[in-house]
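Just below is one structure, and these are the notes that go with it.
In what follows, chains are A, B, ... by sequence order, proteins preceding strands, each numbered from 1.
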There are 2 protein chains.
Amino acid sequence: MQLSTKARYASRALVELALQYGEEPVKLKDIAARQDISLKYLEQVMFPLRVCGYVKTQKGSKGGYILARPPQEVTLLEIIECVEGSVAPVECADNPDLCKRSERCCTHHAWIGLKDAITRELGKISLADLAGKHLLLNKD
Amino acid sequence: MQLSTKARYASRALVELALQYGEEPVKLKDIAARQDISLKYLEQVMFPLRVCGYVKTQKGSKGGYILARPPQEVTLLEIIECVEGSVAPVECADNPDLCKRSERCCTHHAWIGLKDAITRELGKISLADLAGKHLLLNKD
DNA sequence: AGATTTCCTATTATAATAGTAGAAATAAAA
DNA sequence: TTTTATTTCTACTATTATAATAGGAAATCT
């Protein structure tokens, strides 16, 4: 049940972008340095976020990444679904047909309940919430 | 965020034991056959459940596994914590000291919220609930 | 032109997961 | 007492996913 580093790095990177929302593009190099993440790996983490339309980019010097949507409209749920594909704890929660047993499986229904709980929790945490929390925790 | 097969197999096996609670020991071979699980692998899955005291065993012919506690007193949370160690989506949720960043990390707090949501959801599903659901889904 | 940054593709190291295998220990039944 | 059926214990292995690392191409600004 562990979240991948992809999901964690993506979340932290997007919080950085949220903190600079409306300003200049942010360089991945700076995020990587501040967050102790390998630049080359972070590049790969950002790729699906661009495809999904959460970030926009500008090449060249003065280039970088910007958040493509208002921070209060992007949730952890969307971010994780984008980089990990799903928050389902089991494949059958997304695709019952994968297991012939699904319909009559009592645990199948429990896993769907779990997925729903995860979805609810992550869906209510926005980048704006996280950015606000960040400022609160780091005001010194 | 995928649940391991260990966690899923353990849950399904314990439901089988819950269905036979108070009766003869149940052979792992039978559970393995009914649930399409490798017997040898299931043996390993059951090991921590015995150590944690969720099941008792009897060797030899007429032997097998029995649930050591009433089905309504055992939850999915306990089962998964037993076989996977924790339901935390990130290590820092159990052990903040592992990451020097924890205290000032806004996502750290989000992951703790997620762990709590998972804990609440799994903690309210007992083997008795699952066994009841099973009978409901399979009455034919 | 030159510097800087994103973009794209390939490769690799590491670890975790999932499963297989064989034989020893134990208990019941014949 | 022998046989049979089961759990128990330990070791091994295959497969996959994760987490990087690396090098260079393309674009953009000064």
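- Side-chain atoms of A:H109 come within 3.5 Å of backbone N or O of A:C105 as a donor-acceptor pair.
- For the segment residues 79-100 of chain A, no residue has any heavy atom less than 4.0 angstrom from an atom of DNA chain C.
- The outermost nucleotides of DNA chain C lying under 4.0 Å from heavy atoms of chain A, listed 5' to 3', are C:dT4 to C:dA10.
- Within the nucleic acid shown, A:K62 comes within 4.0 Å of sugar-phosphate atoms alone, with no base atom in reach, counting heavy atoms only.
- Salt bridge absent: A:D129 and A:K124 never bring a charged side-chain N and a carboxylate O closer than 4.0 Å.
- Of the possible polar contacts, one joining the B:R12 side chain to the B:Q35 backbone as a donor-acceptor pair under 3.5 Å is found.
- Taking CD of B:Q2 as the reference point, atom CH2 of A:W111 lies at 12.0 Å (rounded to 0.5 Å).
- Panel note: side chain A:Q44, backbone A:Y41; no donor-acceptor pair is recorded below 3.5 Å.
- Summarising the local packing, CD of B:Q72 is surrounded by more than 12 heavy atoms from other residues, nucleotides or ligands at distances under 6.0 Å.
- Residue B:Q44 is classed as a base contact, given a heavy-atom separation below 4.0 Å to a base.
- Atoms NZ (B:K40) and P (D:dC9) sit 13 Å apart, rounded to a whole Å.
- One interatomic measurement links the two molecules: CZ of B:R50 to P of D:dT7, which rounds to 11 Å at whole-angstrom precision.
- Checked by atom type and distance alone, the side chain of B:N138 pairs as donor or acceptor with a backbone atom of A:R104 at under 3.5 Å.
- Each of A:S38 and B:F47 lies near DNA chain D, and the nucleotide nearest B:F47 is the one positioned closer to the 5' end.
- Across residues 16-33 of chain B, B:K27, B:L28, B:K29 each have a non-hydrogen atom less than 4.0 Å from an atom of DNA chain D (numbered order).
- For the pair B:T107 (side chain) and B:A110 (backbone), a donor-acceptor distance under 3.5 Å is absent.
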Derivation and outcome, salt bridge (Lys or Arg N to Asp or Glu O under 4.0 Å), residues B:K6 and B:E84: CA-CA 8 Å; B:K6 265 193 168 64; B:E84 289 200 346; over 6 Å; no

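- When the options B:E43, B:K40, B:E16 are evaluated for a side chain to side chain contact (heavy atoms under 4.5 Å, CB included) with B:L28, the one that passes is B:E43.
- At a threshold of 4.0 angstrom between heavy atoms, the contacts of A:E43 include nucleobase atoms, whether or not backbone atoms are also involved.
- Applying the 6.0 Å contact sphere to CD of A:E73 captures more than 12 heavy atoms from other residues, nucleotides or ligands.
- Within the nucleic acid shown, B:R8 has no heavy atom closer than 4.0 Å to any nucleic acid atom.
- Residue B:L42 contributes atom CG, which lies 12 Å from atom P of D:dT8 at whole-angstrom precision.
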